[in-house]
Protein chains: 2
Amino acid sequence: MSVYVPPTVTVDGIIFQLISDKLHVLLLQRARDPFKGEWALPGGYNPRGETTRQALSRILKVKTGIDTDSQLEILEQLHTFDDVSRDPRGHAIAIAYLGLGYDIRLGGEETQNPTFFPVDNLPKLAYDHDEIIAYALKHLQTKVVQTNILYAMLPPSFTFTQLQMAYEAVLLRTLDKRNFRKRIMNLELIKETGQVEKQGAHRPAKLFAFVHTTPWEIEDTLS
Amino acid sequence: MSVYVPPTVTVDGIIFQLISDKLHVLLLQRARDPFKGEWALPGGYNPRGETTRQALSRILKVKTGIDTDSQLEILEQLHTFDDVSRDPRGHAIAIAYLGLGYDIRLGGEETQNPTFFPVDNLPKLAYDHDEIIAYALKHLQTKVVQTNILYAMLPPSFTFTQLQMAYEAVLLRTLDKRNFRKRIMNLELIKETGQVEKQGAHRPAKLFAFVHTTPWEIEDTLS
DNA sequence: ACAAAAGTGTTAAGAATACACCCATGT
DNA sequence: ACATGGGTGTATTCTTAACACTTTTGT
């Protein structure tokens, strides 16, 4: 016990946001070796005394300017990646978090060029971050179908079309408009706000809001 | 970076098994302080150079006699628990694994009285292990409905009644026999083996086997 | 009047639920 | 013959899936 040496403990954030109706993920350019100049997920060391969430919050603030409390609607633990050789400097485990928001503003002090990339067109990535993003995306897709998690990626009010495009952006496929509306409506996932959005040379769109803006599960069946 | 001190890294196993048609979880009695004499999940330190899975495998072998490769059909990472105060000795994070098997034999070298307890009647537990078990159970319940994960908790062939009792044991509620059979059948989750089990003063039961004995997801809908 | 996006309904097939009796065997 | 668990069917309701036209507005 006295000679116990733990692996390095790191945290990484996979921060998703919709931009122009496409799903984007936040990356930054590494300032130092290893992988200097390459794109990577925001992350860093988790020292003793700090929870993983606290560590990630601190790191995101410094490296990207994101204030997790005010700008991320959801920040939930995803998975711990622990391949012994994932970091060339030596054994480091990474606790990955999924972060979602709808109007994330960037620009930190010690900023490392934080940039949102569309998930279907990512640059070459450092470490095993391609795997981590793939894992996070799959998780997000599952959650989108089974929960109200999309509240975290849309503004407080939105049109039905915006909602559908959000689903499509996350699922990376198209949905039938009429069936989609019926389904969402009888899940009682959203409600009308009474407002409309007039925009452009066409019929104005009703504005909706999520009924619940905290995590909520669509229940499973089984007699 | 040179003064970076990581938290202690530990791993814990939540090993479930069905015994007499009830869901049980493996606990052992702590040999040392803290919590000496109390019941706890099997677990221990994860040193640098060992993956979490390797560490847990090693620890389970020593403390419970379980050979993870041959006795656990599933051993999958669950969640990382990282409250700063969860260990009275100082900041220690625990990577928890869910383990499932159907004929787990106990008895290690340095054994600490490993015992399967029914999940609805657990003793007082050390650390935050009650929370961890609750988390694992909820996860298992979700998986049971959405995947074929129960293959890991049943022998290679079994009767339909055994299968239903397994579902009921995990979900902690009863299911309708006819509807259950219909549902399982048209999911094509299991197939007849052609064998029957003659046992007791009643009609013999057909024996079934899972179609897939590797993880498999029941797909979600969404037009 | 036209362009542009919003909004809406029906039918058919499949899945979920509620519910009770007959079947094959051992003693 | 009886006790024991194995095995089966139907009617109803709800959900899913496929599919195309009308409405409201700005220019």
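Bear in mind that the values here come from a model prediction, so they are computed numbers and not experimental data. Just so we're on the same page: letters track the sequence lines, and every chain starts at 1. Computation of the quantities below employed the complete heavy-atom set of this structure, encompassing side-chain atoms and omitting hydrogens, waters and symmetry-equivalent molecules.
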Asker: According to side chain to side chain donor-acceptor pair (under 3.5 Å), does anything in residues 114-125 of chain B pair up with another residue at least two apart or in another chain? List the pairs.
Answerer: B:Lys22-B:Asp120, B:Glu38-B:Lys124
Asker: Could you tell me the separation between the CD atom of A:Gln164 and the P atom of C:dA5, rounded to a whole number of Å?
Answerer: 14 Å
Asker: Under the ring-ring contact (aromatic ring centres under 6.0 Å, His included) rule, collect the residues that match up with B:His79, sequence neighbours excluded.
Answerer: B:Phe81, B:Tyr135
Asker: For the base of D:dG7, is there a side-chain donor-acceptor partner from B:Lys177 under 3.5 Å away?
Answerer: yes
Asker: Mind jotting down which residue pairs meet the side chain to side chain donor-acceptor pair (under 3.5 Å) criterion with at least one end in residues 93-107 of chain B? Sequence neighbours excluded, please.
Answerer: B:Thr52-B:Tyr97
Asker: Name all residues meeting the side-chain contact (heavy atoms from CB on, under 4.5 Å) criterion together with B:Gln17; count only those two or more places apart in sequence or in a different chain, and write none if there are none.
Answerer: B:Ile19, B:Ile104, B:Phe116
Asker: Using the salt bridge (charged side-chain N to carboxylate O under 4.0 Å, His left out) criterion, which residues pair with B:Arg58? Sequence neighbours excluded.
Answerer: B:Glu50
Asker: Taking only nitrogen or oxygen atoms into account, show me every contact under 3.5 Å that the protein makes with nucleotides 9-11 of chain C, one pair per line with its distance.
Answerer:
residue : atom : partner  : partner atom : Å
C:dT10  : O4   : A:Lys182 : NZ           : 2.7

Asker: Rounded to whole Å, please give me the gap between CE in B:Met185 and P in C:dA16.
Answerer: 16 Å
Asker: Looking at B:Leu41 and B:Gly13, what are the two nearest heavy atoms and their distance?
Answerer: CD2-O, 3.6 Å
Asker: For A:Asp176 and A:Asn179, indicate whether the former's side chain and the latter's backbone hold a donor-acceptor pair under 3.5 Å.
Answerer: yes
Asker: Whole Å only: how far is the CD atom of B:Gln162 from the P atom of D:dG5?
Answerer: 14 Å
Asker: Yes or no on side chain to side chain contact (heavy atoms under 4.5 Å, CB included) for A:Leu207 and A:Glu197, after CA distance, side-chain angles and deciding distance?
Answerer: CA-CA 6 Å; A:Leu207 286 168; A:Glu197 182 184 74; 4.1 Å; yes
Asker: Quick one: does B:Arg53's side chain have a donor or acceptor within less than 3.5 Å of a partner on B:Leu75's backbone?
Answerer: yes
Asker: Between D:dT15 atom P and A:Ile184 atom CD1, what is the distance in whole Å?
Answerer: 14 Å
Asker: Round to a whole Å and report the spacing from CZ of B:Arg183 to P of D:dT15.
Answerer: 15 Å
Asker: Which residues pass the side-chain contact (heavy atoms from CB on, under 4.5 Å) test with B:Gln29, sequence neighbours left out?
Answerer: B:Trp39, B:Asn113
Asker: Under the criterion side chain to side chain contact (heavy atoms under 4.5 Å, CB included), I'd like the reasoning laid out for A:Leu72 against A:Ile66: C-alpha separation, chi angles, the key distance, then a yes or no.
Answerer: CA-CA 8 Å; A:Leu72 296 180; A:Ile66 295 173; 4.1 Å; yes
Asker: Just the rounded figure in Å: distance from P of D:dG6 to CZ of B:Phe158.
Answerer: 14 Å
Asker: Which whole-number value in Å describes the distance from A:Asp21 CG to C:dA5 C1'?
Answerer: 13 Å
Asker: In whole angstrom, what separates A:Phe180's CZ from D:dA18's P?
Answerer: 16 Å
Asker: With sequence neighbours excluded, tell me which residues meet ring-ring contact (aromatic ring centres under 6.0 Å, His included) with A:His24.
Answerer: none
Asker: Bend across the helix from C:dA1-D:dT27 to C:dT27-D:dA1, to 10°, with axes taken over 5 pairs at each end?
Answerer: 10°
Asker: Which of residues 140-151 of chain B have a heavy atom under 4.0 Å from DNA chain C?
Answerer: none
Asker: Kindly list each side-chain donor-acceptor pair under 3.5 angstrom involving residues 140-163 of chain A, sequence neighbours excluded, with atom names and distances?
Answerer:
residue  : atom : partner  : partner atom : Å
A:Gln141 : NE2  : A:Val170 : O            : 2.9
A:Thr142 : OG1  : A:Lys138 : O            : 3.1
A:Gln146 : NE2  : B:Asp220 : OD2          : 3.2
A:Thr147 : OG1  : A:Lys143 : O            : 2.7
A:Thr147 : OG1  : A:Ile149 : N            : 3.0
A:Asn148 : OD1  : A:Trp216 : N            : 2.9
A:Asn148 : ND2  : A:His212 : O            : 3.2
A:Asn148 : ND2  : A:Thr214 : O            : 2.8
A:Thr159 : OG1  : A:Gln162 : N            : 3.0
A:Gln162 : OE1  : A:Thr159 : N            : 2.9

Asker: Which value, rounded to the nearest 0.5 Å, describes the distance between B:Leu56 atom CG and B:Asn46 atom CG?
Answerer: 9.5 Å
Asker: On DNA chain D, compare the nucleotides closest to B:Ala205 and A:Asn186; which residue's is nearer the 5' end?
Answerer: B:Ala205
Asker: Does B:Thr161 put a side-chain nitrogen or oxygen below 4.0 Å from OP1 or OP2 of D:dG5?
Answerer: no
Asker: Can you build the contact string for nucleotides 22-27 of chain C? Use B for base contact, S for sugar-phosphate-only contact, and - for no protein heavy atom under 4.0 Å.
Answerer: -BBBB-
